[in-house]
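Here the structure is laid out as C-alpha cells; the discussion comes afterwards.
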Amino acid sequence: MRQAAFGQGPRGGGGQNAGFQKATKQQRQVMMRLFAFVMKHYRLSILTVLVCIVVSSITSLFSTLFTRTLIDDYITPLTQMDNPEYSSLLQTLFRLGLILLLGVIASYAYNRLMINVSQGTMLRLRKQIFERMEQLPINYFDTHSHGELMSVYTNDVDSLRQMISTAMAQVFSSIITIVATFTSMVVLSVPLTLVSILIAVVMMVTTTKLGKWSRGFFRTQQESLASVNGFIEEMMTGQKVVKVFCHEQQAIEEFEEINERLRSSAFNANKIANIVMPVNGNLGNLGYVLLAVVGAALALSGRWELSLGTIVAFLQLNKSFTQPISHVSQQINSVLNASVGAERVFALGDAQPEVDEGHHELDSPKGDVDFRHVDFGYVAERQVLFDININTDPGQKIAFVGGTGAGKTTIINLINRFYDIQRGEILYDGIPINDIRKRSLRRSMTIVLQETHLFTGTVLDNIRYGCLEATDEECVKAAQLVGAHDFILRLSMGYSTMLQGDGGNLSQGERQLLAIARAAVANPPVLILDEATSSIDTRTEQLVQRGMDSIMKGRTTFVIAHRLSTVRNADQIIVLDHGHIAEHGTHQQLLALRGQYYQLYTGNQID
C-alpha cells in the first residue's frame, strides 16, 4: 500500500455553490498540500531557489535605491559644476552593473531550478496516481469513465506544472520583494509609505473579490473538460455502433452541447480572471500619480526633508511594492486552474485502494471451489444473488446458463474476489477466500472474458502476458493447443507481428483465440470462461473446442456460454434465474426435468 505517498488530505466536494468561505479554505488546504508534496521531494532545490530569489530581489532593490544616490550625489552636483568629472560616476555605474549581473544569474538559476522541480513533481505525481489506480477495486472503474481518468493524467497534472514552474516562484519572489521594499520605504518616508499601503490594500481587495468570483467557474471548467474527454473517448470506442445506427448527427449534437458547457464555463472563468491584471495595473498607475502629488506637496511644504532623489526612488519602490500584486493577479488563471486540478489529482490519489485482509498463501492449489448460502448485491439496497449453494470437486466442469441479468457473470466476479459477498462464504480448497491473499488467489486461476483486450506488442508478448516466465516454445504450444497457431503463421511476421490499437488488425475471433492462448499458457488449476467463444464462428468454435477440452483436463472450469451445445459435457449445469439457482444437474438430468433448461435448450415453451 502507498497511502502515505499522498497522505491524508482534503477530499473533493464543496462544489461551486458551496460558498466562498468554504471554497477559500478548501483551496488553501489543497495548495498547502501541494506545496508540502513539492517540499518533501525537492527541499534542497526549493531552498536554493529561495536563496536565488533573495539575491535577485536584493539586487533589484539596490538598483532602485541607487536612483536616489544617482540623482542627489551625482547628477544634481554635476549639473552645478563648470567642469564636471565623470570618472567617479562611471566607477559607480560599473559596480552597479556587476551587481545587476549577479541578479540576472540568480534569476536564470532559480527559473531553471523551478523547471526541474515542476517536471520532477509531475513525474512523481503521475507515477503515484498510476500506482494508486492499479490498486483500486474494479467497482471504482465502474463508476468513473476512462476519459475522466485520462483528464486527470493530462489536463489536471499539466495545470499543476504551469503553476509550479511559474506561479510558485512568482509568489516566493513577491513575498521577499514586498518585505524588502516595505522596509526601505519606511526608512525613506513614513507618510509616503502609508499612501503606498492604502494603494496596495485596494489592489489586494480587488484581486481577492475577483478571485472568489471566478473560482467556481474554474472548477466547472475542469469538470466540463473531463466530460468532453469522456464523451470523445466513448464515441471513439463506440464508433462502429454510431455508424451502424446512423447516429452521427445525434453524436454531433450531444458533443456540441457538452462542448458549449466547456466554452461557457471557460469563458466565464477567464473573463473574470483576465480583467484582474488590467484593473490592478490601472489602480497602480493611479496610485503612482497620487504618490507623486503627495510627495511633491510634502517636499514643497518644507515640513518633510524630501529630496528629488528620495521622491524618485520612492516612486520606483512603490512600483516594486505594488508590482508583486499585479504579478500574482497575472497568475490567477494558472493558480485557480492548478488548485482545481490538484483537487482532482489528490482525489484519485486518495481513492480507497482494494482492501486485502487475506493472510493465507496457496502453495499447491487444487481448485476445489464451493459456495455456501452466498448473498450478494453490488449496492446494499439491491441484492442480485440469493442463497447460492454450489459444491464442486477439483477437475470438474461447471457451466452457468440463464437469461441476461440472471447473475452468471456476477458469480464469476465473486470467485476471484473482484467483489466481496455480503453473507455466506466461498471456500477455495476448504479455505474461506477472504482469508486468502488476493494475489495468491488470482494467480491460481485465469479468466477469459467475453470482451478481449490485447496490449501493444507482439503476438508472442500478448500470449506470454498470461505467464511472463513462459518460454517461446510454451507460448507456441499454447497457441497450437487452442487452434491459433495456423492464423498466427499467416500474419506478416508470424509470432513477431506487432499488435496495436487493441489488435485492430485482427478479426474478433482471432483476438479471442489469442486471449484463450494467453489463458492456456498461464496453466492454472482453475479456469474461468466468460462466454469465451462468443466471437468465434461455428466452424472455428469446433476447432477451438478440442483445444479447450485439452485445457480443461485436470482443471476446475467454470463456463458461461450462450451456446448451450458447448456445455452438454459439463459435470454440472447450473441454471440461474434472477439471482436464484433454479435448476442444477447434468445435461441429461436437466432435459429430463423438462424445466427452464429444457426450454432454453429446445426453445419449446413448457405449459
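For reference, positions follow the sequence shown, starting with 1. Just so it is clear, the model here is predicted, and its values are computed rather than measured.
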Problem set entry | For Val30 against Phe346, the heavy-atom pair lying closest together | O-CE1, 4.1 Å
For this session: Evaluate the criterion side-chain contact (heavy atoms from CB on, under 4.5 Å) for residue pair Glu254 and Phe231; output intermediate values, then yes/no.
Result: CA-CA 9 Å; Glu254 288 184 49; Phe231 184 82; 3.6 Å; yes
Problem set entry | Sub-4.5 Å side-chain heavy-atom contact between Asn413 and Ile138 | no
Problem set entry | Minimum-distance pair of heavy atoms, taken over all atoms of Ser265 and Ser224 | OG-OG, 3.8 Å
Seminar exercise, completed: Of all heavy-atom pairs linking Phe130 and Tyr153, the shortest is CA-OH, 3.1 Å
Exercise. After noting the C-alpha distance and the side-chain angles of Asn268 and Thr220, does the key distance pass the side-chain contact (heavy atoms from CB on, under 4.5 Å) rule?
Worked result: CA-CA 10 Å; Asn268 289 326; Thr220 305; over 6 Å; no
For this session: Give a yes or no answer on whether the side chain of Tyr465 reaches the backbone of Phe455 with a donor-acceptor pair at less than 3.5 Å.
Result: no
Exercise. Would a 4.5 Å heavy-atom cut-off, applied to side chains only, mark Leu192 and Met185 as touching?
Worked result: no
Exercise. Taking C-beta and beyond as the side chain, do Arg33 and Gln29 meet within less than 4.5 Å on heavy atoms?
Worked result: no
Exercise. Would you say Arg443 has more than 12 foreign heavy atoms packed within less than 6.0 Å of its CZ?
Worked result: no
For this session: Find out whether Leu100 and Val104 are in side-chain contact, i.e. whether some heavy atom of one side chain is under 4.5 Å from a heavy atom of the other.
Result: no
Exercise. Atom CD1 of Ile105 and atom CG of Leu101: how far apart are they, to the nearest 0.5 Å?
Worked result: 4.5 Å
For this session: Heavy atoms only: give me the nearest Ile447-Leu449 pair and the separation to one decimal.
Result: CD1-CD2, 3.5 Å
Problem set entry | 4.5 Å side-chain heavy-atom contact, Glu256 and Asn259 | no
Problem set entry | Between Thr410 and Tyr419: side-chain donor-acceptor atoms closer than 3.5 Å | no
Exercise. Distance from Thr183 atom OG1 to Leu61 atom CG, nearest 0.5 Å?
Worked result: 9.0 Å
Exercise. Just wondering, are more than 12 heavy atoms of other shown residues or ligands nearer than 6.0 Å to CE in Met32?
Worked result: no
Exercise. Does Thr48 use its side chain to pair, donor to acceptor, with the backbone of Leu44 at less than 3.5 Å?
Worked result: yes
Problem set entry | Taking every non-hydrogen atom, the tightest pair across Gly341 and Leu160 | C-CD2, 4.4 Å
Exercise. Any idea which heavy atoms bring Leu136 and Pro353 closest together, and the distance?
Worked result: CD2-CA, 4.2 Å
Exercise. Is the backbone of Ser118 close enough, under 3.5 Å, to the side chain of Arg161 for a donor and an acceptor to pair up by distance?
Worked result: no
For this session: Hey, could you give me the CD/CG distance between Gln128 and Leu348, rounded to the nearest 0.5 Å?
Result: 11.5 Å
Exercise. Is there a donor-acceptor pair under 3.5 Å between the side chain of Thr181 and the backbone N or O of Ile178?
Worked result: no
For this session: For Arg511 and Leu454, indicate whether the former's side chain and the latter's backbone hold a donor-acceptor pair under 3.5 Å.
Result: no
Exercise. To the nearest 0.5 Å, what is the distance between CZ (Phe141) and CG (Leu149)?
Worked result: 6.5 Å
Problem set entry | CE (Met133) with more than 12 external heavy atoms under 6.0 Å | yes
Exercise. Between the side chain of Ser60 and the main-chain N/O of Ser56, is any donor-acceptor distance below 3.5 Å?
Worked result: no
For this session: Take atom CZ of Arg439 as the centre, draw a 6.0 Å sphere, and report whether it contains more than 12 heavy atoms from other residues, nucleotides or ligands.
Result: no
Seminar exercise, completed: Rounded to the nearest 0.5 Å, the CD1 atom of Ile99 sits from the OG1 atom of Thr59 at a distance of 8.5 Å
Problem set entry | Side-chain touch Tyr42/Val49, heavy atoms, less than 4.5 angstrom | no
Exercise. So how far is it from Asp435 CG to Leu441 CG, rounded to the nearest 0.5 Å?
Worked result: 11.5 Å
For this session: Start with the C-alpha distance between Met498 and Val459, add both sets of side-chain angles, then the distance that settles side-chain contact (heavy atoms from CB on, under 4.5 Å), and finish with yes or no.
Result: CA-CA 6 Å; Met498 286 294 297; Val459 171; over 6 Å; no
Exercise. Which class fits the ring pair Tyr378 and Phe376: parallel under 30°, tilted 30 to 60°, perpendicular over 60°?
Worked result: perpendicular
Exercise. Is the count of non-hydrogen atoms from other residues, nucleotides or ligands lying under 6.0 Å from Phe418 atom CZ greater than 12?
Worked result: yes
Problem set entry | For Thr154, all residues meeting side chain to side chain donor-acceptor pair (under 3.5 Å), sequence neighbours excluded | none
Problem set entry | N/O donor-acceptor pair under 3.5 Å between Thr121 side chain and Val117 backbone | yes
Problem set entry | Arg518 vs Asn462 side-chain heavy atoms within contact, under 4.5 Å | yes
Exercise. How would you list, by chain and number, every residue that makes a side-chain contact (heavy atoms from CB on, under 4.5 Å) with Ser57, sequence neighbours excluded?
Worked result: Ile53, Ser173, Ile176, Thr177
Seminar exercise, completed: Exactly one candidate in Arg417, Lys438, Arg437 meets salt bridge (Lys or Arg N to Asp or Glu O under 4.0 Å) with Glu354; the answer is Lys438
Exercise. Do side-chain atoms of Gln422 reach the backbone of Gly377 as a donor and acceptor pair under 3.5 angstrom?
Worked result: yes
For this session: Examine distances only and state if a side-chain atom of Arg344 and a backbone atom of Val152 form a donor-acceptor pair shorter than 3.5 Å.
Result: no
